[in-house]
Structure formats: structure tokens, C-alpha cells
Amino acid sequence: MSTEGKGELGGEQQFVSLIHDRLDALRTGAERAVQAGLARAATGLQARLERDVTVSEQGRTVTELDAVESGLCFGRIDFTDGAAHHIGRIGMRADDAERTPLLIDWRAPVARPFYLATGYEPMGLRRRRHITTRGRTVTALHDEILDLADTLRTGHEDPSGDAVLLAALNSARTGRMADIVRTIQAEQDRVIRAPHRGVLVVEGGPGTGKTAVALHRAAYLLYAHREQLARRAVLIVGPGPAFLNYIGEVLPSLGETGVWLATLGELFPGVTATGTDTPAASAVKGAPGMVDVIARTLADRQRLPDPVLEIDHEDHGTLTLDRETARAARAGARDTGLPHNLARPHFAFRIIDALTRQLTERIGGDPYGGPNLLDPTDVAQLGKEVATSPAVQQAIESLWPTLTPERLVADLLADPAHLTDEEADAVRRAPGTWSGGAFTPTPWTPADVPLLDEAAELLGEDDTAARAAAERERRERVDYAQGVLDMAYASRTHEFEDKDDDESEILGVQDIVDAERMAERHEESDHRTAAERAAADRTWAFGHIIVDEAQELSAMAWRLLMRRSPTRAMTLVGDPAQTADAAGCGSWETILAPYVEDRWEYTRLGVNYRTPVEIMDVAAAVPRAADPAFEPPGSVRSTGVRPWARPVVAQNLAAAVAEAVKAESAPGAAEGRLAVIAPRALHASLVALLPEVSAGRSPDLTSPVVLLDPRQAKGLEFDTVLVVEAQTFADSDLYVSLTRATQRLGLLHTAPLPGALARALHGEGEAPGADATDGVDAAGGVDGVDAVSGS
């Protein structure tokens, strides 16, 4: 058995569950041969995958194999010409002489009719079969008849063709996003297989599958452009650690690991941004004007004497450096066009040259105006003394210091001189604190990372010393190898000195390889993956970049990302209606015009697969209050359960939330995961009353109950959601929070809800005030308040 499009099926690279033992209705000999081949493949995979393995990608737990239940083979397509193919997550061929196809990779062109064929346009198919498995057992078959002239019936016909999709949508969530290869819809398939080059914008409201489509697009591109993208890697940028944990197992389950998943706060090597900004600070840091602020801050570090700098030379007294001499040196260094640190040697050369001339005139000058009495050798020696003088080096450092991005940005934030007073007050912070003799820097925030990247571009990195050290190490290896060869030659000469000429003609090692080549063979190889190398290299150019929640990124963040994608091969996924960050660009035109003008493609996903119509009707009231023309994506299903709302008194809020969680988690209530979405200020009190809840910066989303703030909830979904104090949320945060549930939604609040939301929940008028009763009935509704629990 062999695979197509993937070199290994090891447990760390192939997150697939075991293939089933049989494919129903295999009647002909050829089909039985396919069945036998698949069974043999399953046996081989089982030996590798039945271990309990937890794999970590960039420090994040990705999956456990025993939690992956979707089958390797999930479909079959029968053509009118008699051909038939089984469709799976990877391609497999038999090890026979003909290399008989056993399984067609879902990304292969021949598999595309499985996703696009309809009764109106059958694409040559007579039948499409969906195979549902659990482990190695086939649990359901659903056949769609696409050729109405075909009279053969199997008893597994699905008249609507939606049973598999609806079963997937209604299934309980696990806290990890699953792949959708079994249920990719036609509009999604067109996005997934769009051309690799250029910028593709995928817009869609909550639940339209934007994230799933983007991840499957990454898998498709890695399949279709394997050689290029495996070498350059794919970058996927998500809004936060919780989101990346949520999507972490999708690509490994499809056999793809050449991808780096990162938040904006992780895109500067050596920095992990764990701090938080106020909305005002985030807006200031993300504004495009920060480019000029950083440049002017750097220019301030290229100082001039005021008016003269005196330098105590230990052998020749005091040297003086005047303002005009330093100005000329600075102008010459700036004219090179090099970044600050790379231009520093040019500045230093001019300063050293000026001081050397001054010293030469002092020592060897003719008081009567004749020629200088020092010869060129003497002048060169004086120049060397000036260049190596600690006092001179200190003076150069004071005028043109060697800077790191961290130092420059920390200084800017500690003393934001080129901002308005209001902007400076928003971003100003201490560079760090001293305690017990140790210095603790102020934690970087995600909004700082684009500033660090901008500073790094302006500063450059002088790698002269590193290259010199590397060359010294190389020469040492060559010298050692030459010594080994010399010893081998001496030994061989001694061995053959008494032998005849024929034996002495035998080649020795020194005749086959020289010292340079021998040293290269013993040089340590870099065994890191492309994704691992990319994570450590700020200047890495990715083969493709996918940005989820793209509307949230600031103008400065886009400058960082565009540097990582010089070819502009990008997929941007988002929804301007969900823009929450104060620095978010929101508009696609605003984001892309500075980089590609109008040369980008746009597509919109308009079907909501997550949120039932009852919840979407309520959630849509929030953006519609600001924009009466707003139209949410259309939901494909209805649960018959309306959202409920419940007012409570402030002192009892935490207890009321705990009681609601208990009611929603009781036997007979909705299965799956429950999320409590509440303001960050309430988390400590809620954790105290919810001992089994998972909370924090990166909570475990597989826990039965998870506590999040609205920003953490972006991109996630849960079976049941409780929104706490919705009236305190910004409209975008509220819209996001209300659209995370797949089954049930409840709200608890201590003050009146926004009018539009209250009317959507209760039909008319405002919701009961905060002085209402604070008891919860078993259904999760409001004591004494009708029309809130689906009635």
C-alpha cells in the first residue's frame, strides 16, 4: 500500500482514524478486490495509529488519536460509464504492478464531482454515496441518485441529500474543530480550489464555515503545489491561543503538517506577547502614522554633539568632535540608504577619520605651514589607535548607538515624544521594574509586535561578527579534516613503502575527498521543518498566508504580514460586521489598497451552517439596529428552541450563572460543550463557583464547561452558550457572543438589555429589569417570565 501526496503515515503526521472493514454493496470481483486492499491498508494503519499519542505543534496540544473518529474513506462516486472511485482523506494505491488506485484523495481533480455534482449538472455521475464510519465499522450509508435513468436502488437512498450534512451539524461538539471533507458544499469547494496566486478575500457571517474553508484551502494548496509550499511553508494567523488550539487538529487529520499556526503576538522571533492593551492604546499602536513615529524616534537616536564632544584619548590627550563634523558623518551614513545598524560602520569610519586627521595635525604638523612630518605608516598607526580607543568607541556609541528593536520600541513607549498628548497618555508605560536586583521587562502586547517588526526593518541586523565566527568555525573544521587526511596519507605511505607498484596505485581517502569537502560532510545538518525554520526567521517569505478574522488586524499588522508575503499569495477570511478591535481596518479596500490596489478577488459565503434560525433571528437584531439593511447569512436548520434571557440582581449574578450552568448541564439537557461568555472582570468570581470550568488565556476547549471573554470566543462554537452581562458588550462583541451556539443560547443580565436585543428575545417591549426574581427553572428559563425558554 502506498500513499499519494504524502510521504509518511506515521502517528505524528497522519491524524486519521482506522479505515472500515467493508464497503457495503461491493458485489463484483473488482469491488471485492478493492475491499480487500482497503482492509489490508487498515491493518497497516492500525499498527501505527492505535497507540495513545499526544502530539504538540509549536507548543500546542493538537490531538489524541483515539479522539479522531472520522473515517479514512467517506464516499464513493459511480460514473455512468461504469467507473467508480472511493474518496478519502488521502490517496492510496495497491503495491501491485498496476498500482491499482484504492482510494482517491479528496483533493484530486477526479474527486471533485463528489462535491459539485447535482441532478441538474451530474458531471458524469449516476450515483454518489456517503459512507459514515466509527472506527472500523460502517454505521450508515446515504446514496444520492444523480442519473434519473438509473433504476438500480440499494435501499440507502437519501431523497433530500442533506442527511449527512445535517447529522454533522447537529452532532455534539468536542472542543476541537473537525475537518469537513465529507460535507464540503459547492460554494465552499470553489473557494478551497481557487488559484494559489494573488489575494483572495473570503467574507462570510457567523457560521458560514469561513475558518473550515480556509483550513481545507491550505490542505488543498499543499496538495496541488506540494514542492513549492512544502519548501516555503504556509502561515495561518488566528485571533488568539484558544482559537489556534481549537483548529489545531484539522490539518494534521488531513495529513498536512507543513503549516505554522500563530497569533499576531507570536510573529516576532523571541517575543511572546502576553500583555494586554486598552482599546485606546491598541488604536494608537495600530495606526499607520506609527511608521513615521518609529522612524522619527530612531532619527532622534542619531545624535549630534551640543556643541562639542570632548574625548579623553589615553595616549594623546583630549580630542574634540564638533557638531559640524558629526553632522557630515551622519549625513554620509544616512546617504548609504542602509538600515541604522548597518550604516553605523560608515558613521564610525567618518568619525575615526576626522579624529585621526586632528591627531595627525597635532603631532606632526609644521607650525610654519609646511608638510606634515608623519609618513603614511605613522598615520595608519595613529588611525588604528583612535579606532581601538575605548573612549572613541564610547563617543561613537553615544552618537550612533547599536540598537535592538526591543530597546527602540521600549524607549518609544516609555517616552512617546512624537505623539499627541492624548496618544502618548494612551500608550505610555514603564519599560520594566527592578525587584531584588533583577529586572523584569513590561510584557509585550500583540499590538507591540508590528512595532517591533517595523523597528527591525529600520534597524537591520549587523551580522558581521556572526559571519566571522561562523567562518572561524568552518576553518577549524577544515584544518581538523586536513589533519585527519594527512595522518591517513602518512599511514598509507608507510603501509605501501615495501610493496610493489601495483599495490601502491590503490586509491586512498585523500585521493577521493579534500579537506573542504570532508568538513562539509561532518557539518551539522538543520533537521527542522520549514515551518519550524520560518518561526525562527523574521525575514522568512511564506509560500502562502491565510489570515482568519482578518478584519481585526491593524494597518501596522498588515505591514508585518505583507513583508512575509512578497508574492502576495494570501487568503483573507473575515466579516467586517464582527470587527471588534479598535485598530481593526474592517474594510477590505482599506486593508489591500496600499499593497495590491484593486488586484484582489472577493467571494462571499452566504449559508450559515452553525447557528439555528431561532438564535440567528435574535443575534441579527444587534447589527440591524445600526444598519436596518443588514442581512445575516441564512441558517440551514431549525432546532425549535428559542434563546432565553433572565434578569438577576447584581449580588446574585455569580450564583445565578452557576445555577444556569448546572441546569444546562443536567441529564437530558443539550449534549456537548457549554461556554460561559462574560466580561473579564467577572471571571474570578465565576471561577470560584464553577470548580470544573476551564478558564484563562488559553482554556481547554475540550472541557465540558469553558469560561471566555467575548474576544476569546471569536471563531469558536459550542453546543450551549450562556452570555453574561450582554448589555456591557460592544455591539460587535455582542454579535459574536450570540452566534457561538449550535443548539441553545441563554442570557443573564443585571441591567436592561439593549432595546433591539430585548425586543428580539421577548417579541415586544423591554426585558424585565434587574429587580426581577433570580431563580432559574429546570429548563433554564426565567421564573415568572414567559416566552424565554422556547415556549
Side-chain angles (χ1 to χ4, degrees), residues 56-63 173-180 202 204-219 234-253 259-267 272-274 276 282 445-447 449 531 535 545-554 557 561 571-575 578-581 584 610-611 673-678 680 683 694-703 706-719 721 732-733 735-742:
S56 179
E57 177 73 19
Q58 299 296 334
R60 296 186 181 86
T61 298
V62 176
T63 189
R173 269 40 187 175
T174 65
R176 292 286 184 266
M177 176 181 280
D179 68 71
I180 60 168
V202 183
T208 54
K210 302 184 298 299
T211 299
V213 167
L215 294 173
H216 287 71
R217 175 162 170 74
V234 173
L235 170 64
I236 297 180
V237 181
F243 175 83
L244 295 185
N245 285 339
Y246 176 62
I247 67 173
E249 71 181 24
V250 173
L251 287 170
S253 76
V259 177
W260 181 30
L261 275 64
T263 65
L264 177 65
E266 297 168 312
L267 293 182
T272 300
T274 59
T276 56
S282 178
T445 71
V449 168
I545 295 180
I546 293 175
V547 185
D548 207 328
E549 304 292 348
Q551 76 282 349
E552 300 291 352
L553 298 189
S554 69
L561 287 176
T571 302
L572 312 184
V573 179
D575 178 15
Q578 297 184 62
T579 304
D581 196 290
R610 175 204 304 145
T611 317
R673 268 62 185 171
L674 183 151
V676 178
I677 303 178
R680 176 63 60 177
H683 282 206
S694 180
R697 181 172 178 266
S698 183
D700 180 6
L701 300 179
T702 65
S703 297
V706 179
L707 177 62
L708 306 165
D709 63 37
R711 301 294 172 85
Q712 286 180 298
K714 293 185 75 69
L716 308 182
E717 63 181 24
F718 303 88
D719 300 272
V721 171
S732 57
D733 287 339
Y735 184 50
V736 168
S737 301
L738 296 175
T739 54
R740 300 304 97 193
T742 66

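A donor-acceptor pair under 3.5 Å is formed between the side chain of H683 and the backbone N or O of A678. In this structure, the side chain of S694 engages the main chain of D700 through a donor-acceptor pair within 3.5 Å. Proximity of a side-chain donor or acceptor of Q712 to a complementary backbone N or O of G696 within less than 3.5 Å is detected. Judged by distance alone, the side chain of K210 and the main-chain N or O of G204 form a donor-acceptor pair under 3.5 Å. At distances below 3.5 Å, not a single donor-acceptor pair connects side-chain atoms of T702 with backbone N or O atoms of G175.
T579 approaches G584 most closely through the heavy-atom pair CG2-CA, 4.3 Å. Between R610 and T739, the shortest heavy-atom distance links the atoms NH1-O, 2.8 Å. Nearest heavy atom pair, residue G248 against residue L261, reads CA-CD2, 4.1 Å. Taking every heavy atom of both residues into account, A218 and I236 meet most closely at CB-CD1, 4.2 Å.
Not counting sequence neighbours, the partners of A273 by the side-chain contact (heavy atoms from CB on, under 4.5 Å) test are W444, P446, V449. For T276, the side-chain contact (heavy atoms from CB on, under 4.5 Å) test picks out no residue, with sequence neighbours left out. The side-chain contact (heavy atoms from CB on, under 4.5 Å) check on A713 picks up I677, L708, R740, with sequence neighbours excluded. Taking the ring-ring contact (aromatic ring centres under 6.0 Å, His included) definition, one finds that F718 meets it with nothing, sequence neighbours left out. In this structure A557 satisfies the side-chain contact (heavy atoms from CB on, under 4.5 Å) test together with L264, P450, L553, S554, sequence neighbours excluded. With sequence neighbours excluded, the residues forming a side-chain hydrogen bond (donor to acceptor under 3.5 Å, both in side chains) with S282 are D581, listed by chain and number. Remark: K714 pairs with E549, E552 by the salt bridge (Lys or Arg N to Asp or Glu O under 4.0 Å) rule, at least two apart or across chains. Applying the salt bridge (Lys or Arg N to Asp or Glu O under 4.0 Å) rule to R173 yields the partners E717; only residues at least two apart in sequence or on another chain are considered. Under the rule for a side-chain hydrogen bond (donor to acceptor under 3.5 Å, both in side chains), the partners of R217 that lie at least two apart in sequence or sit in another chain are T571. Remark: T272 pairs with no residue by the side-chain hydrogen bond (donor to acceptor under 3.5 Å, both in side chains) rule, at least two apart or across chains. Under the side-chain hydrogen bond (donor to acceptor under 3.5 Å, both in side chains) criterion, T211 pairs with D548, not counting sequence neighbours.
Contact check for D719 versus L674: no side-chain heavy atoms found under the 4.5 Å cut-off. The shortest distance between side-chain heavy atoms of P239 and R711 does not fall below 4.5 Å. In this structure the side chain of L267 reaches within 4.5 angstrom of the side chain of L235, judged on heavy atoms. For the pair P241/T263, a side-chain contact is recorded, criterion being any heavy-atom separation below 4.5 Å from C-beta on. Counting only heavy atoms from C-beta outward, the side chains of Q551 and L572 never approach each other to under 4.5 Å. Side-chain contact between M177 and L215 is present, with at least one heavy-atom pair separated by less than 4.5 Å. By the 4.5 Å heavy-atom criterion applied to side chains, S698 and N245 are counted as neighbours. Side-chain contact between I546 and V237: absent, with no pair of heavy atoms (C-beta onward) separated by less than 4.5 Å.
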Open item on the list: Checking Y735 against D575 for the side chain to side chain contact (heavy atoms under 4.5 Å, CB included) test, could you report, in this order, the C-alpha distance in whole Å, the side-chain angles of both residues, the deciding distance, and whether it holds?
Closed with: CA-CA 11 Å; Y735 184 50; D575 178 15; 4.3 Å; yes

TODO: I would like to know whether V706 and V676 meet side chain to side chain contact (heavy atoms under 4.5 Å, CB included); could you show each step before the answer?
DONE: CA-CA 6 Å; V706 179; V676 178; over 6 Å; no

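Taking OH of Y246 as the reference point, atom OG1 of T174 lies at 7.5 Å (rounded to 0.5 Å). Remark: R176 CZ to I247 CD1 distance equals 11.0 Å, nearest 0.5 Å.
For R680 and D709, the salt-bridge test passes: some basic side-chain N is under 4.0 Å from an acidic carboxylate O.
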